[in-house]
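Notes follow once the structure below has been shown.
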Amino acid sequence: MTKPIFARLPGFRDFTPDEFAFREHILNAWRRVSTRYGFLEYDGPPLEPVGLYVEKSGEEILGQLYNFQDKGEREVSLRPEMTPSLARILADHSRSLAKPIRWFSVPQLFRYERQQRGRLREHFQWNVDIVGEESVVADAEVLAVGIDGLRELGFGSNDIVAKISDRRLLSSVLSAFGVDKKNFANVFSIIDKLERSDPKRSLERLQTEGGMSESDAHEVLELFGGKTLEEIALRLGDRKDVSVELERLDSYLGKLEAMGLGPYVELDLRIVRGLAYYTGIVFEIFDKKGELRAICGGGRYDGLLELVGGDPLPAVGFGMGDVVLGELIREKGLVPDIEANTDYYIVILTEEYRDLALSIAHSCRDRGLSVLYGLSEQSVRKQFFAAGKYGAREVIVLGPDEVSRGFATIRDMDSGEEREVPIEELR
RNA sequence: GUGGGCGUAGCUCAGUUGGUUAGAGCGCCGGAUUGUGGCUCCGGAGGCCGGGGGUUCAAAUCCCCUCAUCCACCCCA
């Protein structure tokens, strides 16, 4: 509105103290839960060579990169996601690290696209990864961290649900239907969009782009729309490649059940995830009403480290952004009261007592207490008002009545009770 | 990138069929006979009505362009 030249760039946020506190509320919860699970925090550069994304994550990401040429004529991009950076970092360091590697990060990520609700050009994303372990227990562990991150923020199983699938199961089912491997990517992309697309159109695309017969396409839609593994077992259980995948996914669900997270988890074979590098179990967490886009997405990506030149280590992880999550926190009324934690506010009757106030304030601050006072001459009334605004627990009053006897009056701002304390005890 | 909605004080919004000096609540600042806050009351600052152009005697109100924002598409880390 004013001076458009200096306006914020579209899709970027300012964080005033209230907004900053809200952001920290989220990030701190993420960090607490990560630590509880023994994950170690890492970070990387916000700017990376563009090739890291274009060649390894799939071409489709190119359109949304916040990329440009730097002064050294290098093609660079602000990082749109953390996983490629992680892969590159591990390519350098994984040999010297004890496996499995349990790392997490909270990078600020960037993408260049038109903003909408829950989608900006910048956000903070919690990334949690386990590298060097192929057991489904690792897959379960990773999802558990994500769910617990949300529970830590106050959500319950009535608020959120994790939808789970496995690309290996999808592949084996498609193979059973005689779909050519070359068409898997196309079919995955159709399945991924099933929920948002017209069923007739999906059916058509399965035939034209997936090379399926009409009746097979029908059946595949039916199977992938189911909420249990049994239907697939009944239909294709005699095929070994399918039954192996069914058992694995069933075992995975069992692990989450054992952790008590069963109510948060739901099978949904239409979950595929857009990124090209996922190879196994994939999941997305949604608000249960389904009003917002996915809060969290992740899965197994066993080939990525090798792709960027590292040792061929299996890996599983997820990303959870602060924007959609923030929307849901507000919607559910889970925004915490932001309290200013001021221990003391010092009120002086006249400027005569200012130096005494400064002296007390400074020694209290040296002891780790937070202390405030008015910076200019103000009425007592006004100073008390300010004390209230800053959320002071207690007010120290310095006036002739008490100071002449070597005391200060301390008022508890909640109870209103007052007591006298020797000034020497305060400094 | 494509299409549609929207744009009035810091925030949430009013502004009659185009007609004189553009309003409210909250917030902010000041004050309510200078030793006590949260309530209440009084007062004040703050808007080129997103920006530019056009129609008209007259535009916040109508038209065009542009920017921002929201929604859908695209895409989804």
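Sequence lines set the chain letters: A, B, ... in the order given, protein chains first and strands last, and positions in each chain run from 1.
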Test: R102(A) cationic atom under 6.0 Å from F39(A) six-membered ring centre, within 45° of axis: yes
Counterpart base for C75(B), defined by Watson-Crick or G-U wobble contacts under 3.5 Å: none
Sugar-phosphate, base or nothing in reach of G11(A), heavy atoms under 4.0 Å: sugar-phosphate
Nearest-Å distance for atom pair CE/C1', residues M320(A) and C76(B): 16 Å
Whole-Å C1' distance, A68(B) and A32(B): 44 Å
Rounded interatomic separation in angstrom, taking CZ from F110(A) and C1' from C75(B): 19 Å
Whole-Å distance separating the CZ atom of F12(A) from the C1' atom of C67(B): 17 Å
Polar side-chain atom of K99(A) near backbone of L313(A) as donor-acceptor pair, under 3.5 Å: no
Whole-Å distance separating the CG atom of L120(A) from the C1' atom of C76(B): 14 Å
Under-4.0 Å side-chain N/O to phosphate OP1/OP2 contact, K382(A) with G30(B): yes
Presence of donor-acceptor pair under 3.5 Å, side chain of R119(A) and base of C70(B): no
Annotated protein contacts, base or backbone, on nucleotides 33-39 of chain B with a non-hydrogen cut-off under 4.0 Å, one of B, S, - each: --BBBB-
Length of the CZ-P vector between R117(A) and A72(B), whole Å: 10 Å
U69(B) - base-pair partner by Watson-Crick or wobble geometry, distances under 3.5 Å: G5(B)
Atom pair distance, as rounded to whole Å: CD in Q115(A) and P in A72(B): 13 Å
Electrostatic pair R32(A)-D148(A), nearest N-O below 4.0 angstrom: no
base_contact_polar (U2(B) base, R114(A) side chain, donor-acceptor, <3.5 Å): yes
Atom C1', compared across G52(B) and G7(B): separation rounded to whole Å: 15 Å
Salt bridge present between R411(A) and E418(A) (N-O < 4.0 angstrom): yes
Rounded distance in Å between the C1' positions of G5(B) and A59(B): 22 Å
Span that lies between the C1' atom of C28(B) and that of A9(B), in whole angstrom: 12 Å
Gap in Å between the two C1' atoms, one belonging to G27(B) and one to C73(B), rounded: 39 Å
Test log, rule salt bridge (Lys or Arg N to Asp or Glu O under 4.0 Å), inputs R427(A) and E424(A): CA-CA 5 Å; R427(A) 59 174 178 181; E424(A) 286 320 306; 3.5 Å; yes
Sugar-phosphate, base or nothing in reach of Q116(A), heavy atoms under 4.0 Å: base
Separation between the P atoms of G3(B) and U66(B), rounded to whole Å: 11 Å
C39(B) versus G19(B) - spacing of their C1' atoms, nearest Å: 44 Å
Whole-Å gap separating C1' (C74(B)) and CZ (R111(A)): 14 Å
Euclidean distance for C1', G23(B) against G47(B) (whole angstrom): 11 Å
cation_pi(R270(A), F224(A)) dist<6.0 Å, angle<=45: no
Charged tip of R121(A) within 45° of Y112(A) ring normal and under 6.0 Å: yes
From D159(A), N158(A), D287(A), residue fulfilling side chain to side chain donor-acceptor pair (under 3.5 Å) relative to K332(A): D159(A)
Nucleotide C74(B), atom P - distance to CD of Q64(A) in whole Å: 12 Å
